[in-house]
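What follows is a set of notes on a single structure, which appears directly below.
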Amino acid sequence: MSVIAAQRIAKLYRVRLAGVGDGKYLKRWGLSFQRPDKRAVEQDSGAVRRWHQQTWPEIRAKARKDGGEILFAGQAGIRSGQVTGRTWGEKGKTPVVRRSRNRFSASGMPTISTKGRMHFMVFTGHFAAGVMCHFLDRLAGHFDHKRLS
């Protein structure tokens, strides 16, 4: 069990758990060793609800009226030597994961539309405004352009 969890249990319940039995207690209480999900602390659930109830229907209606297609985009990076997660090891000895010294990284920018079409671009280097503009130029080439008056 983590030191933080042990301290919290001691503070709340005035109980000190033995190091060996900590995990057993936590399992009995319905807990398991997991990687936590990460969420932005700034996320405002009211703003999300308003977006779903007001903004999204307006965007969808305009796209339908104009014959447009809505795209959702993202950006992700990967590294060849990235070690994630946890593993078990002998107490007092840090486990070693072997990896190549010849590391490389790549990033990708995918979009998926409400019609199920996907477009993407893979690139190396840093994500910057120039990369985004290049991606948007390439993306625009896949669509018919409506002349705005």
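Residues: numbered from 1 along the sequence shown.
Listed here is the closest heavy atom pair of T124 and S105: CG2-O, 3.6 Å. Across all their heavy atoms, V131 and M109 have their closest contact at CG1-SD, 4.5 Å.
For the atom pair CZ (R64) and CD1 (I59), the distance works out to 12.5 Å, reported to the nearest 0.5 Å. One distance of note links CE of M132 with CG of D137; it measures 11.0 Å at 0.5 Å rounding. Atoms OG1 and CZ, from T55 and R50 in turn, are 8.5 Å apart once rounded to the nearest 0.5 Å.
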Quiz item: Can you list the steps and then say if L71 with T114 is a side chain to side chain contact (heavy atoms under 4.5 Å, CB included)?
Solution: CA-CA 7 Å; L71 299 172; T114 53; over 6 Å; no
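For W56, the ring-ring contact (aromatic ring centres under 6.0 Å, His included) partners two or more places apart in sequence, or in a different chain, are W51, F72. R49 pairs by the side chain to side chain contact (heavy atoms under 4.5 Å, CB included) definition with S45, Q53, not counting sequence neighbours.
A heavy-atom distance below 4.5 Å is not found between the side chains of S107 and F127.
The 12-atom threshold is not exceeded at NZ of K11, counting heavy atoms of other residues, nucleotides or ligands nearer than 6.0 Å. When the shell of 6.0 Å around CZ of F120 is examined, it contains 12 or fewer heavy atoms from other residues, nucleotides or ligands.
T111 pairs with exactly one of E69, H119, M118 by the side-chain contact (heavy atoms from CB on, under 4.5 Å) rule, that one being H119.
M121 and L136 end up in the same hydrophobic cluster when Ile, Leu, Val, Met, Phe, Trp and Tyr side chains are linked at under 4.5 Å.
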